[in-house]
**Student:** 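Below you will find the structure I want to go over with you.
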Amino acid sequence: MNRNTSRTIVLVLMLSSAFLGTKAQDRALVNTSQSGYAKLHGTDMDAVKWTQGFWADRFQVCRDNMVPTLWKVYTDPEISHSFRNFEIAAGVETGKFKGPSFHDGDFYKTFEAVASMYAATKDPHLDELMDHAIGVIAKAQRADGYIYTKEIILQKQNGEARLFDNRLSFEAYNFGHLMTAACVHYRATGKTSLLNVAKKAADFLIGFYASATPEQSRNAICPSHYMGLSELYRSTNDARYLNLVKHLVAIKGATEGTDDNQDRIPFLDQTKVMGHAVRANYLYAGVADVYAETGDAALLAKLNTMWDDLTQHKMYVTGGCGSLYDGVSPDGTSYKTDEVQKTHQAYGRDYQLPNFTAHNETCANIGNVLWNWRMLQITGDAKFADVVELALYNSVLSGINLQGNKFLYTNPLAYSDALPFQQRWSKDRQSYISKSNCCPPNAVRTIAEVSQYAYSLSDEGVYVNLYGGNALDTKFKKDNLKILQTTDYPWDGKIRIQLTEVPADPFGLFLRIPSWCTGARLSLNGKVQSMELAPGTYAQLMRTFKAGDVVELDLPMPVQLIESNPLVEETRNQIAVKRGPVVYCLESIDLPKDRTIFDVAIAIENNLKPSRFSIENSPITVLRGDGVLVNNGNWTSKLYRPITGKSDKRVPIQLVPYYAWGNRGHTDMSVWLALVR
């Protein structure tokens with residue numbers, strides 16, 4: 001995957017049979033139940049309950065701390081002016097607009113996190129919070145459907161109305177997050193109050209684009225509205241919303257644009273992932289939505305081209321995206337310095353993957369999840385679920401601390417106080433990132449919604465995409481299907497799935513064999529199943545199940561030492577450590593006081609290649625005090641030695657999961673470690 005050579009991870013394609021019109025549940029986060037070109041479909045938002053283990057712990061922290069903390073932040077004008085802007089636009093408060101132009105979207109994402117949490121808990125207090133907020137939002141909306149608090153407030157103050165005149169403004173982005181939040185609220189509560197606001201906003205966009213100038217048409221950065229309009233179409237069955245998304249994709253690049261917003265050239269002419277990473281990933285996710293509804297083969301072919309480029313050339317071992325703080329368009333440049341197209345938090349050239357200065361905005365990594373989830377739905381290919389899992393466990397979770405109240409904007413793969421310059425964004429998590437707090441609500445809504453990625457349904461059966469202790473209560477066709485999953489994944493690869501209620505007719509149980517796993521074993525009611533369990537596929541059990549059947553899957557998890565492609569200059573002759581889906585890193589806090597992260601190397605005995613090497617038994621332990629998983633000191637000590645130039649004494653080192661770095665205080669950190677052969 002990304003930087004890993006074919007020697008370390010092999011993705012094997014196995015497509016399920018074509019979807020033939022299954023009527024799946026229609027209250028999924030991404031509702032493809034009626035999408036004619038989607039092979040898989042999600043479960044209702046309340047169908048999966050975390051019961052124990054990793055995601056149950058993260059969900060509890062999200063419920064008890066993340067969501068309440070985030071709501072307080074965005075409704076307290078002394079911290080964030082986001083909701084106060086709505087109150088001023090609605091006329092219930094006075095004042096001026098404050099904050100970035102995407103502040104409306106920040107609140108919509110916060111609202112979506114609350115709605116998703118309500119879907120799982122049915123907490124009436126959350127319902128009350130949402131009802132109050134919807135009342136203010138609806139009052140702030142203009143009669144024609146336009147809703148962007150910055151311009152509405154300015155219009156009230158000076159009478160000017162400037163709509164989509166500034167290409168650096170986030171009007172369409174805000175509209176998109178409104179639509180997504182409205183659909184989630186509708187599916188969680190059955191209420192149409194926010195959905196009606198979103199429909200009016202979408203109707204405004206339809207009218208606007210019918211007469212917009214070419215310049216106005218391209219003033220829509222970070223296209224969350226592609227996903228929002230697609231979901232609104234699925235909620236209302238109003239084809240006008242889908243037609244608008246199709247139009248927006250078609251006109252991308254029709255007028256002079258930039259790689260920064262992926263509109264320098266038409267979408268179907270693009271061959272490389274480029275520009276602002278969040279905007280790119282949101283674009284690809286939105287185009288995948290269009291394919292699910294239209295079956296436009298050209299769109300899918302282009303998405304596959306982009307996916308190959310990303311995963312083979314531009315994605316970090318953690319699933320992180322957007323390597324450069326500031327870059328330039330790789331191809332839209334000239335020798336005239338005033339024509340060079342600068343881009344921010346950008347995808348660079350192939351293999352341009354720095355570590356200390358990696359940007360990897362949390363929102364871009366979440367965009368990677370959104371895109372790959374949609375690719376999984378339309379193809380049924382396990383390689384997309386692999387990327388969803390990789391990003392969720394690593395580059396998404398790293399954006400928030402273990403307590404759930406502090407956040408990172410960027411997610412580097414190394415940090416050191418020895419750097420001779422001050423980086424733009426703090427590498428200590430913050431409770432409020434005042435310059436750009438877009439990532440915290442994005443991270444919180446994602447963690448609240450991870451259960452939506454656990455299972456998929458098809459005409460053939462149920463797909464198990466993510467492993468974790470949970471209970472699934474869903475429908476397969478017209479019959480009840482209930483599953484109880486028990487596991488300590490990702491710390492242990494043993495998974496037990498008990499079918500507690502099953503349909504009378506035969507159906508399939510599809511179990512993902514991760515691309516990092518070889519030697520998987522599968523049994524049914526204690527009997528080992530003789531079938532190929534190839535990495536990067538879904539193993540299929542098709543039969544007439546009976547209530548009480550137990551399926552057990554054992555996914556061996558030896559420690560893997562991963563080399564990058566040698567064209568990645570910064571990591572040549574270095575290795576990363578991974579076990580299961582979790583990438584590990586070294587923190588200086590675990591080293592002797594006279595040692596730094598630059599003093600540590602991993603020695604490989606007998607010239608074994610890292611891709612073939614594993615640490616026997618790989619013993620681990622969980623520190624219950626702070627929830628950080630670490631090596632317990634019993635790894636074979638001869639494998640490690642400090643680089644001092646004076647001593648050959650070899651000592652063990654301690655590693656922590658990358659997502660948990662920086663939780664025990666300020667520290668230097670590195671994912672990649674020097675290799676001594």
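We're numbering straight along the sequence, starting at 1.
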**Student:** List in chain and number order the residues that pass side-chain hydrogen bond (donor to acceptor under 3.5 Å, both in side chains) with Asp46, two or more places apart in sequence or in another chain; answer none if no residue qualifies.
**Tutor:** none

**Student:** What distance separates Thr94 OG1 from Ile88 CD1, expressed to the nearest 0.5 Å?
**Tutor:** 7.0 Å

**Student:** In terms of side-chain heavy atoms, does Thr32 have a donor or acceptor partner in His41 at a distance below 3.5 Å?
**Tutor:**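 There is such a pair between these side chains.
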
**Student:** When the side chains of residues 192-208 are checked against the rest of the protein, which donor-acceptor pairs come out under 3.5 Å, sequence neighbours left out?
**Tutor:**
unit_1	atom_1	unit_2	atom_2	d
Asn196	ND2	Thr192	O	3.1
Asp203	OD1	Arg240	NH2	2.8
Asp203	OD1	Tyr241	OH	2.9

**Student:** Keeping Gln270 on the side-chain end and Ile265 on the backbone end, is there a donor-acceptor pair under 3.5 Å?
**Tutor:** yes

**Student:** Without hydrogens or angle criteria, can the side chains of Ser80 and Lys98 be said to hold a donor-acceptor pair below 3.5 Å?
**Tutor:**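 There is no such pair (donor and acceptor under 3.5 Å, judged by atom type) between the side chains of Ser80 and Lys98.
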
**Student:** Find out whether Leu324 and Gln352 are in side-chain contact, i.e. whether some heavy atom of one side chain is under 4.5 Å from a heavy atom of the other.
**Tutor:**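 With C-beta onward as the side chain, the pair touches.
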
**Student:** Salt bridge check, Glu293 against Lys246: does any charged N sit closer than 4.0 Å to a carboxylate O?
**Tutor:** no

**Student:** Closer than 3.5 angstrom, by distance alone: can the side chain of Arg27 be matched with the main-chain N or O of Met45 as a donor-acceptor pair?
**Tutor:** no

**Student:** Taking everything shown except Lys122 itself, do over 12 heavy atoms lie less than 6.0 Å from its NZ?
**Tutor:** yes

**Student:** If you define the side chain from C-beta out and look only at heavy atoms, does anything of Leu392 sit under 4.5 Å from Thr446?
**Tutor:** yes

**Student:** Only counting residues at least two apart or in another chain, list the ones meeting side chain to side chain contact (heavy atoms under 4.5 Å, CB included) with Phe407.
**Tutor:** Ile400, Ile433, Pro440, Val444

**Student:** Can you list the residues that meet the ring pair (Phe, Tyr, Trp, His ring centres under 6.0 Å) rule with His125, with sequence neighbours excluded?
**Tutor:** none

**Student:** Got a donor-acceptor contact below 3.5 angstrom from the Lys156 side chain to the Ala89 backbone?
**Tutor:**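 Judged by distance alone, yes, a pair lies under 3.5 Å.
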
**Student:** Rounded to the nearest 0.5 Å, what separates atom OH in Tyr415 from atom CG in Leu413?
**Tutor:** 15.5 Å

**Student:** Test Asp104 against Thr149 for side chain to side chain donor-acceptor pair (under 3.5 Å), laying out the working first.
**Tutor:** CA-CA 7 Å; Asp104 291 4; Thr149 61; 2.6 Å; yes

**Student:** Atom CZ of Arg445 and atom NZ of Lys109: how far apart are they, to the nearest 0.5 Å?
**Tutor:** 6.5 Å

**Student:** Does the side chain of Asn31 come within less than 4.5 Å of Ser235's, by heavy atoms?
**Tutor:** no

**Student:** Just by modelled atom types, is the Phe170 backbone N or O under 3.5 Å from a matching donor or acceptor in the Asn174 side chain?
**Tutor:** yes

**Student:** Under the rule for side chain to side chain contact (heavy atoms under 4.5 Å, CB included), what residues qualify as partners of Ala288, not counting sequence neighbours?
**Tutor:**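 By the side chain to side chain contact (heavy atoms under 4.5 Å, CB included) rule, Ala288 matches Leu303, Arg374, Met375, Ile378.
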
**Student:** Kindly say whether Thr318 contributes a backbone atom to a donor-acceptor pair with the side chain of Ser395 at under 3.5 angstrom?
**Tutor:** yes

**Student:** Are Ser116 and Glu449 linked by a side-chain donor-acceptor pair shorter than 3.5 Å?
**Tutor:** yes

**Student:** Heavy atoms only: give me the nearest Gln262-His276 pair and the separation to one decimal.
**Tutor:**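 What the structure gives for the nearest pair is NE2-O, 3.2 Å.
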
**Student:** For residues 71-94, pull every pair meeting ring pair (Phe, Tyr, Trp, His ring centres under 6.0 Å), keeping only residues two or more places apart or in separate chains.
**Tutor:**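 Every ring pair (Phe, Tyr, Trp, His ring centres under 6.0 Å) pair that includes a residue of residues 71-94, provided the two are not neighbours, is Trp71-Phe107, Phe83-Phe107, Phe86-Phe107, Phe86-Tyr108.
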
**Student:** When you measure from the side chain of Gln452 to the backbone N and O of Thr43, does any donor-acceptor pair fall under 3.5 Å?
**Tutor:** yes

**Student:** Kindly write out the residues that satisfy ring pair (Phe, Tyr, Trp, His ring centres under 6.0 Å) with His185, not counting sequence neighbours, or none if the list is empty.
**Tutor:** Phe111

**Student:** How would you list, by chain and number, every residue that makes a side chain to side chain contact (heavy atoms under 4.5 Å, CB included) with Ser426, sequence neighbours excluded?
**Tutor:**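 For Ser426 the side chain to side chain contact (heavy atoms under 4.5 Å, CB included) partners, ignoring immediate neighbours, are Asp428, Gln430.
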
**Student:** Please examine the side chains of Phe59 and Met117, heavy atoms only from C-beta on, and report whether any two atoms are closer than 4.5 Å.
**Tutor:**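 Answer yes - side chains close enough.
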
**Student:** With sequence neighbours excluded, tell me which residues meet side-chain hydrogen bond (donor to acceptor under 3.5 Å, both in side chains) with Ser398.
**Tutor:** Asn411

**Student:** Of all residues at least two apart in sequence or in a different chain, which pass the side chain to side chain contact (heavy atoms under 4.5 Å, CB included) check with Ala298?
**Tutor:** Leu268, Asp296

**Student:** Quick check against the 3.5 Å criterion: does Gln423 have a side-chain atom that pairs as donor or acceptor with the backbone of Phe356?
**Tutor:** yes

**Student:** Side-chain contact test, heavy atoms from C-beta onward, threshold under 4.5 Å: evaluate it for Glu112 versus Thr180 and give yes or no.
**Tutor:**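 Side chain of Glu112 against side chain of Thr180, heavy atoms only: contact under 4.5 Å found.
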
**Student:** May I ask you to test the Met274-Thr343 pair for a side-chain heavy-atom distance under 4.5 Å?
**Tutor:** no

**Student:** Does any N or O in the side chain of Asp238 come within less than 3.5 Å of the main-chain N or O of Tyr233, such that one atom is a donor and the other an acceptor?
**Tutor:** no

**Student:** Say whether, by atom type as modelled, one donor and one acceptor occur between the side chain of Thr362 and the main chain of Leu408 under 3.5 angstrom.
**Tutor:**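 Here the side-chain-to-backbone pair exists.
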
**Student:** Check Asp44 with Arg187, please: is the shortest side-chain N to carboxylate O separation under 4.0 Å?
**Tutor:**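 Here Arg187 does not pair with Asp44 in a salt bridge, since their nearest N and O are not under 4.0 Å apart.
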
**Student:** Measure the shortest side-chain to side-chain distance between Tyr284 and Leu310 over non-hydrogen atoms and say whether it is less than 4.5 angstrom.
**Tutor:**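 When only atoms from C-beta onward are counted, Leu310 and Tyr284 do not touch, as no gap falls below 4.5 Å.
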
**Student:** Which pair of heavy atoms, one from Gly320 and one from Asn360, lies closest together, and at what distance?
**Tutor:**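 Minimum heavy-atom separation between Gly320 and Asn360: C-OD1, 3.5 Å.
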
**Student:** Are any side-chain N or O atoms of Asp309 and backbone N or O atoms of Val273, one a donor and one an acceptor, separated by less than 3.5 Å?
**Tutor:** yes

**Student:** Name the atoms and distances for all side-chain donor-acceptor pairs under 3.5 Å in residues 128-140, with sequence neighbours left out.
**Tutor:**
unit_1	atom_1	unit_2	atom_2	d
Asp131	OD1	Lys191	NZ	3.2
Asp131	OD2	Lys191	NZ	2.9

**Student:** Roughly how far apart are His359 NE2 and Tyr316 OH, rounded to 0.5 Å?
**Tutor:** 11.0 Å

**Student:** Enumerate donor-acceptor pairs with a distance under 3.5 Å from any side-chain N or O in residues 220-227 to protein atoms, sequence neighbours excluded.
**Tutor:**
unit_1	atom_1	unit_2	atom_2	d
Ser224	OG	Tyr173	O	2.7
Tyr226	OH	Leu248	O	3.3

**Student:** Is the shortest side-chain heavy-atom distance between Val184 and Leu29 below 4.5 Å?
**Tutor:**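 Yes, at least one pair of side-chain atoms sits under 4.5 Å.
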
